Amino acid sequence: MARYVFVTGGVVSSLGKGLSSASLASLLQLRGFKVRIRKLDPYLNVDPGTMNPFQHGEVFVTDDGAETDLDLGHYERFTGISSTKSDNITTGSIYNDIIKKERKGEYLGGTVQVIPHVTNHIKKFISHKIKDEDFVICEIGGTVGDIESLPFLEAIRQFANEIGRNNSLFIHLTLVPYMKASGELKTKPTQHSVKELRSIGIQPDIIICRSEKNIPLAERKKISLFCNIDIENVIETVDVRTIYEAPISFNKEKLDTRVLEYFKIKNSKKPDLSRWKNITNKVLNSKKEVNIGIIGKYVDLKDAYKSLDEALTHGGIFNNFKINLSRIDSEELNNNNISSKLKNISGILIPGGFGKRGSEGKISAIKYARLNNIPFLGICFGMQMAIIEGARNLLDIKNASSSEFGNSCTPVVGLLNEWKKGKKVFKGNNKDLGGTMRLGLYDAVLKNNSLISKIYSMKKISERHRHRYEVNINYKEKFEKKGLIFSALSPDGLLPEIIELKNHPWFIGVQFHPEFKSRPFEPHPLFCSFIKASIKNQEKN
Ligand code: GLN
């Protein structure tokens, strides 16, 4: 039977529960165990798909087309295991299911309540589709003390009670702040947070303390005493220099050993951390740097392009270069200032995006990349903007645009009409926004002798999508006459998947999101190649 590890957070949000869970999962994996990580999110959205990345960070997409919390991206990158729809749940999705059932009369006249109906739903989710896993790590979003977290905490309390405390472990992650004025580390917020947790019946077994400074023995003793846990189970986590150092740092603090001791598992093999060490070393010690510009709308919040940043780092690791990333606000760009704003940039990347705001700045940057032989990678929205730029300046369709921005244009990019997945047919929809995009893995067939077929060294690829609009295939021949090649299409030949420019060193647009599949130990070929081309461009200048 699987053992369940529940990870909660206290004091403040953004302490790194996701990274801690992912690091623990990796360490257990390296000791030869099979793991699965899940995320339980207390907000009311059915999924984060309609949420603004500026508030919530990136929306991560799984193979099977779920729009999920960005922590699932960490899980995949740290464990190499692909997440699925059944690895992320929100309060909104639970209520959605329960209310649908209630309307059908499936509760047979009963009163539908948080306990037991909502909590039962959560408990079912926790162990859903768990088969031969040794460990299931469940991260509970939010902070202990939030009203909306309560049903989740109650559900995990019940779940642990039902499977037995020998098979369940509670980890609580808190903040131990450093007070500069008095030069002290403060344990009181941790004590209060644990008190809150205990008032709802959960006694943590391990406390991970996030802190700016190492936590001395005296403070560890205090936490142990007041929070009623073994002193060895007070684990510190100080800021790491790169996230890839986190598994190494948790191993040093013996987190994995404590977890195994708790479950009385003996004689497991020592984890071989050489891969993590190697990658950390490369990230920290690569001497050379390449300047990459991401031109987007959500440049102020780093998490808005989390997977993208990681995928670029992977491309850098592959080429032994550090990535010097500039986040450039597309709203500040126009044809007049572009050359000064992008002066030192060796590779231009336009990521996924939605809506008209900032699109003209992106189009200006694409024109600049095309005319000046600067490596360009356009992802999803980025590819659509490249088509608009090409239509305006290569095909001379001056009012070319996307119907996403309104109807008063020539729509070289338009609403997806219909698409298939296996035998299932989907219809385009821009009225209901949640979960109605073309989502998840779809195949694309690559054109022989194209740059893209060399990059992938494959004929057919499968990548994760998330879009509602498509490049209008009717312009294919016109574009190709001007050197803008449609170098991959969907297997039925109806949907443009990749475009590239013939007489340009490296100009590629993809309708999918390659960043979701890039992993530190399996860097994505598109990012490896884009960084390589950007280095070449930098060295030329
Ligand atoms: N807004 C565009 C669409 O829906 C692009 C989406 C994206 O970049 N993920 O097609």
Side-chain angles (χ1 to χ4, degrees), residues 47-54 56-63 65-68 70 73 294-299 303-309 311 330-331 348-363 365-366 376-389 391 400-407 409 411-419 421 426-442 444 463-473 475 489-490 494-499 508-518 526:
D47 59 44
T50 56
M51 282 157 99
N52 185 341
F54 196 69
H56 184 258
E58 160 189 281
V59 176
F60 186 77
V61 180
T62 58
D63 281 347
E67 295 174 280
T68 71
L70 58 81
I294 293 191
I295 297 170
K297 221 164 41 174
Y298 311 114
V299 287
D303 278 356
Y305 302 117
K306 192 79 218 162
S307 297
L308 196 56
D309 294 354
S330 53
E331 284 190 279
I348 295 176
L349 194 151
I350 305 215
F354 293 83
K356 189 169 180 94
R357 190 162 60 84
S359 59
E360 290 302 324
K362 294 179 186 175
I363 292 171
I366 294 166
F376 164 76
L377 174 57
I379 294 180
C380 201
F381 194 75
M383 157 163 157
Q384 297 174 356
M385 294 307 105
I387 279 291
I388 295 174
E389 193 279 320
S401 192
S402 165
S403 58
E404 184 173 355
F405 309 152
N407 294 327
C409 64
V412 287
V413 177
L415 185 69
L416 271 161
N417 188 17
E418 187 179 288
W419 70 95
K421 184 155 209 169
F426 295 86
K427 295 256 182 248
N429 180 345
N430 60 358
K431 301 281 179 299
D432 294 328
L433 296 187
T436 52
M437 282 187 262
R438 183 170 177 247
L439 289 164
L441 278 189
Y442 282 90
E463 292 278 7
R464 296 184 193 176
H465 292 68
R466 181 174 184 247
H467 63 120
R468 196 180 302 286
Y469 295 85
E470 61 173 325
V471 168
N472 188 334
I473 192 134
Y475 291 92
L489 300 176
S490 56
L494 297 177
L495 297 176
E497 289 279 2
I498 303 177
I499 56 165
I508 290 179
V510 294
Q511 186 54 77
F512 46 82
H513 290 268
E515 69 272 27
F516 293 143
K517 280 180 76 173
S518 187
L526 256 173

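Everything numeric in this text was worked out from a predicted model, so none of it was measured. One-based numbering, in listed order, for ligands and for the atoms of each.
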Under a 4.0 Å heavy-atom limit, does Gln384 contact ligand 1 with its side chain, its backbone, both, or neither?
-> side chain
Exactly one of Glu515, Glu58, Lys517 clears side chain to side chain donor-acceptor pair (under 3.5 Å) with Ser307, and that residue is Glu58
Nearest protein heavy atom to atom 7 (C) of ligand 1, by residue and atom, and its distance?
-> Cys380 SG, 3.0 Å
Across all chains, not counting sequence neighbours, the salt bridge (Lys or Arg N to Asp or Glu O under 4.0 Å) partners of Arg438 are Glu497
Before signing off on this row, confirm whether Arg468 and ligand 1 have an N or O atom pair separated by under 3.5 Å.
-> yes
For Phe354, the ligand 1 atoms whose distance to one of its heavy atoms is below 4.0 Å = 1 (N), 4 (O), 6 (C), 7 (C), 9 (N)
What is the closest protein heavy atom to atom 10 (O) of ligand 1, and at what distance does it sit?
-> Tyr469 N, 2.8 Å
NZ/NE/NH1/NH2 to OD/OE distance under 4.0 Å, Lys356 and Glu404 = no
Under the 3.5 angstrom rule, does the side chain of Arg468 hit a backbone N or O of Asn429 as a donor-acceptor pair?
-> yes
Would you check whether Gly353 has a nitrogen or oxygen atom less than 3.5 angstrom from a nitrogen or oxygen atom of ligand 1?
-> yes
Give yes or no for whether the N/O distance cutoff of 3.5 Å, strictly under, is met between His513 and ligand 1.
-> yes
N/O separation below 3.5 Å, Gly352 to ligand 1 = no
For atom 9 (N) of ligand 1, what is the nearest protein heavy atom, given as residue, atom name and distance?
-> Arg466 O, 2.8 Å
Just by distance, do the side chain of Asp47 and the backbone of Gly49 share a donor-acceptor pair under 3.5 Å?
-> yes
On the 0 to 90° scale, with breaks at 30° and 60°, tag the Trp419-Phe426 ring pair as parallel, tilted or perpendicular.
-> parallel
Give a yes or no answer on whether the side chain of His467 reaches the backbone of His465 with a donor-acceptor pair at less than 3.5 Å.
-> no
